[in-house]
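Structure first, then comments.
These numbers come from a predicted model, not from an experiment.
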Amino acid sequence: MQEMQENLKSAIKQAVLNAELAKEEEIPAIVLEQPKDKAHGDYATNIAMQLARVAKKAPRQIADAIIEKLDHTKASIKQVEIAGPGFINFFMDNSYLTNLIPTIIEQGESYGSSNAGKSEKVQVEFVSANPTGDLHLGHARGASVGDSLCNILQKAGYDVSREYYINDAGNQINNLALSVEARYNQALGKDFPMPEDGYHGADIIKIGEDLKAQYGESLLEKAPTEQHVFFREYGLKYELAKLAKDLEQFRVTFDHWFSETSLYEEDKVVPAIEVLREKGYIYEQDGATWFRSTDFGDDKDRVLIKQDGSYTYLSPDIAYHKNKLDRGFEKLINIWGADHHGYIPRMRAAIQALGYDADTLEVEIIQMVNLFENGEKVKMSKRTGKAVTLRELMEEVGIDAMRYFFVMRSADSHLDFDMDLAKSQSNENPVYYVQYAHARICTMLKQAEEKQIDFTSYDQSLAQSEKAEELLKKLGEFSQTIEDAAINRTPHRIPQYLFDLASSLHSFYNAEKVIKEDALEETKAKLALMQAVKITIHNGLKLIGVNAPESM
RNA sequence: GUCCCAGUAGCUCAGCUGGAUAGAGCAACAGACUUCUAAUCUGUAGGUCGGGCGUUCGAAUCGCUCCUGGGACGCCA
């Protein structure tokens with residue numbers, strides 16, 4: 001596919017030179033696009049319009065000259081036309097498409113892979129929810145997008161590491177300990193108020209009950225500080241185990257869980273600040289230590305060490321990002337909720353102050369998820385713990401539908417999650433449409449197996465049709481789609497591609513019968529095509545963490 | 001007040017490193033099951049791409065500006 005495009009491009013370039021329309025250095029990069037309307041050919045280029053100024057001729061005249069000098073044989077061109085204001089449309093000799101099927105079948109699970117990423121070492125940090133409660137809708141979206149993006153980057157040849165940053169050092173963990181203490185006492189039947197900023201989730205109530213079952217009232221005999229440490233450690237361990245379990249069930253795993261506390265234990269925070277101080281980006285004012293982030297375009301300077309001597313959140317974060325870079329990652333991708341977008345400039349400033357290019361850090365912002373139930377927006381409140389959790393959604397909606405739903409939209413669009421629609425499992429949910437295409441193929445292949453039709457060798461020319469050609473073209477776009485999704489960090493391209501592919505398959509299925517006992521050779525060719533589609537759908541769904549069922 | 005995201009068909013959204021007649025799904029309407037799964041397919045209808053100005057041979061796409069909706073602006077994390 002790509003080799004052919006390159007051939008075509010070089011042929012066009014040569015034609016421009018031969019026609020003496022422009023000097024080599026004046027020729028812009030030749031862009032081939034695939035027209036939406038197939039009446040406009042398989043590929044089109046706008047080079048004639050782009051050259052209009054340089055060549056001082058009308059675009060259509062230029063196009064004429066190019067075509068005259070074009071070497072048709074070199075790039076398997078069947079026909080060339082000039083259209084509209086000066087587009088050159090190429091109709092290709094589509095025999096190249098037939099090579100696609102054996103290629104896909106041979107590559108199997110690895111079909112779609114490329115080395116576009118050139119093994120660049122990329123770290124993706126995502127979810128990173130505080131271990132103080134259950135994961136909710138927003139985290140579910142972040143997990144879906146993050147994991148899918150990682151899969152896509154890997155498929156496109158990047159060296160990817162997935163990381164979860166555990167905020168286990170700040171005030172919120174104290175509040176967790178206090179909340180656990182309250183719930184434990186309440187479980188023992190005592191009238192014990194929740195702390196002001198306590199966590200009201202059902203999970204903490206469960207911790208209280210577990211502690212009662214395990215220890216009875218014995219924990220009350222410990223000294224207050226000892227108690228606090230105990231509740232803290234117990235709560236943290238419990239919450240982390242739950243996070244990992246929920247995420248794993250959601251088919252999201254991490255290579256590394258990074259503890260904020262470890263930054264202090266291994267003395268990483270002070271040295272990171274010292275690096276900035278040595279470079280002159282640190283100053284003291286009003287009894288606090290400041291980072292001059294305005295040197296790098298931030299709105300205002302930021303406090304690193306407060307008057308009371310404690311760190312702001314930014315300090316360990318700078319140390320953490322320095323640590324990431326020290327580990328040799330060439331690109332850091334952070335996936336954050338929209339409520340953190342204001343934090344980007346100071347973080348990028350820190351990256352630059354550490355001596356790296358600002359673009360080393362990329363922050364992908366995921367817009368909010370609104371939950372709708374019974375046609376009304378459901379207000380979610382952390383304070384009362386009345387948020388719909390990832391776990392509840394997995395049970396009610398199903399993992400496949402969630403994974404697909406959360407990644408099918410552009411991440412910078414607000415997402416309305418309609419509980420009733422998701423629960424109803426109606427045909428409005430496109431994941432079934434794609435899965436159904438896969439299941440249909442499996443049924444056909446199973447029948448072929450029962451009839452003992454062996455299609456290891458076949459003659460592809462026997463299965464040519466308009467619908468078959470559409471399918472083939474779609475199959476051929478898979479690798480390019482993955483590359484685009486990887487480079488632009490747009491995982492939603494994958495479900496959209498899969499939907500299109502499934503659509504082509506369903507259309508083909510309705511137009512043509514595959515298994516025909518009286519036309520065995522034709523059947524074999526079609527079965528091979530089906531096998532290729534099956535592999536591609538399977539590989540695509542795998543990228544977004546959705547199962548490809550054999551039957552539905 | 002400053003910053004970020006969004007505004008495209010009745011609804012939910014693609015398309016945005018500029019290209020040809022702006023695309024899907026749902027909803028509406030008309031059809032297709034004696035068939036390898038109808039969770040499907042085929043067709044019809046539906047749009048001043050929020051408004052204006054500008055750049056360009058060409059703008060949904062780029063720039064400026066205004067309007068509307070959502071979010072963020074702590075020596076919290």
For Glu449(A), I'd like to know if atom CD has over 12 heavy atoms of other residues, nucleotides or ligands within 6.0 Å.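 Incorrect, the count does not exceed 12.
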Atom NZ of residue position Lys306(A) - does it have more than 12 heavy atoms of other residues, nucleotides or ligands inside 6.0 Å?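 Counting neighbours around NZ of Lys306(A), more than 12 heavy atoms of other residues, nucleotides or ligands fall under 6.0 Å, so yes.
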Counting only distance, no hydrogens or angles, is the base of [N] paired donor-acceptor with the side chain of [X] under 3.5 Å?
X: Asn89(A); N: A20(B); result: yes
X: Asn46(A); N: G19(B); result: yes
X: His341(A); N: G71(B); result: yes

How far does the [atom1] atom of [N] sit from the matching atom of [M], given to the nearest Å?
N: C53(B); M: U61(B); atom1: P; value: 13 Å
N: A45(B); M: U40(B); atom1: P; value: 23 Å
N: U56(B); M: G51(B); atom1: P; value: 23 Å
N: U68(B); M: G52(B); atom1: C1'; value: 15 Å
N: G74(B); M: A59(B); atom1: P; value: 43 Å
N: A20(B); M: A60(B); atom1: P; value: 9 Å
N: C49(B); M: A14(B); atom1: C1'; value: 13 Å
N: C5(B); M: G10(B); atom1: C1'; value: 25 Å

Which nucleotide, [options], lies nearest any side-chain atom of [X]?
X: His492(A); options: C41(B), G15(B), U35(B); value: G15(B)
X: Lys306(A); options: C36(B), U12(B), C75(B); value: C75(B)
X: Ile515(A); options: C36(B), A6(B), C41(B); value: C36(B)
X: Arg440(A); options: A38(B), A14(B), C13(B); value: A38(B)
X: Ala83(A); options: A39(B), C36(B), A20(B); value: A20(B)
X: His414(A); options: C73(B), A77(B), G70(B); value: G70(B)
X: Gln367(A); options: U40(B), C13(B), C5(B); value: C5(B)
X: Asn130(A); options: C75(B), A77(B), A14(B); value: A77(B)
X: Asn510(A); options: C41(B), C76(B), U42(B); value: C41(B)

Indicate, with a heavy-atom threshold strictly under 4.0 Å, whether [X] touches base, sugar-phosphate, or nothing.
X: Glu512(A); answer: base
X: Gln496(A); answer: sugar-phosphate
X: Tyr311(A); answer: sugar-phosphate
X: Met552(A); answer: base
X: Asp500(A); answer: nothing
X: Thr443(A); answer: base
X: Ser410(A); answer: sugar-phosphate
X: His340(A); answer: base
X: Ala44(A); answer: base
X: Ala439(A); answer: base

Of Phe499(A) and Gln172(A), whose closest RNA chain B nucleotide lies nearer the 5' terminus?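 Looking at RNA chain B, the more 5' nearest nucleotide goes with Phe499(A).
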For Arg493(A) and for Val303(A), find the nucleotide of RNA chain B with the closest heavy atom, then tell me which residue's nucleotide is more 5'.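 Its nucleotide being nearer the 5' end, the pick is Arg493(A).
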Rounded distance (Å) that lies between atom [atom2] of [N] and atom [atom1] of [X]:
X: Tyr404(A); N: G25(B); atom1: OH; atom2: P; value: 12 Å
X: Met408(A); N: G23(B); atom1: CE; atom2: P; value: 20 Å
X: Ile365(A); N: A6(B); atom1: CD1; atom2: C1'; value: 14 Å
X: Arg302(A); N: A77(B); atom1: CZ; atom2: P; value: 14 Å
X: Gln435(A); N: U40(B); atom1: CD; atom2: P; value: 12 Å
X: Asp484(A); N: U17(B); atom1: CG; atom2: P; value: 11 Å
X: Asp412(A); N: G71(B); atom1: CG; atom2: C1'; value: 13 Å

Identify whether the distance between the nearest side-chain nitrogen and carboxylate oxygen of [X] and [Y] falls below 4.0 Å.
X: Glu163(A); Y: Lys324(A); answer: no
X: Arg348(A); Y: Asp359(A); answer: yes
X: Glu512(A); Y: Lys467(A); answer: no

Side-chain donor-acceptor contact under 3.5 Å, [X] with [Y]:
X: Tyr313(A); Y: Asn167(A); result: yes
X: Gln435(A); Y: Asp400(A); result: yes
X: Gln496(A); Y: Asp500(A); result: no
X: Asn174(A); Y: His228(A); result: yes
X: His321(A); Y: Asn334(A); result: yes

Under 3.5 Å for both donor-acceptor distances, Watson-Crick or wobble: does [N] have a partner, and if so which one?
N: C49(B); answer: none
N: A6(B); answer: U68(B)
N: A28(B); answer: U44(B)
N: U61(B); answer: none
N: C73(B); answer: G1(B)

Looking at A20(B) and Phe87(A): do their rings stack (centroid distance under 5.5 Å, interplanar angle under 30°)?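 Stacked: ring centres under 5.5 Å, planes under 30°.
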So does Ser507(A) get a side-chain nitrogen or oxygen closer than 4.0 Å to the phosphate oxygens (OP1/OP2) of U42(B)?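 Yes, such a contact exists.
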Any Thr45(A) side-chain N or O less than 4.0 Å from OP1/OP2 of G19(B):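 False: Thr45(A) side-chain N/O out of range (4.0 Å or more) of G19(B) OP1/OP2.
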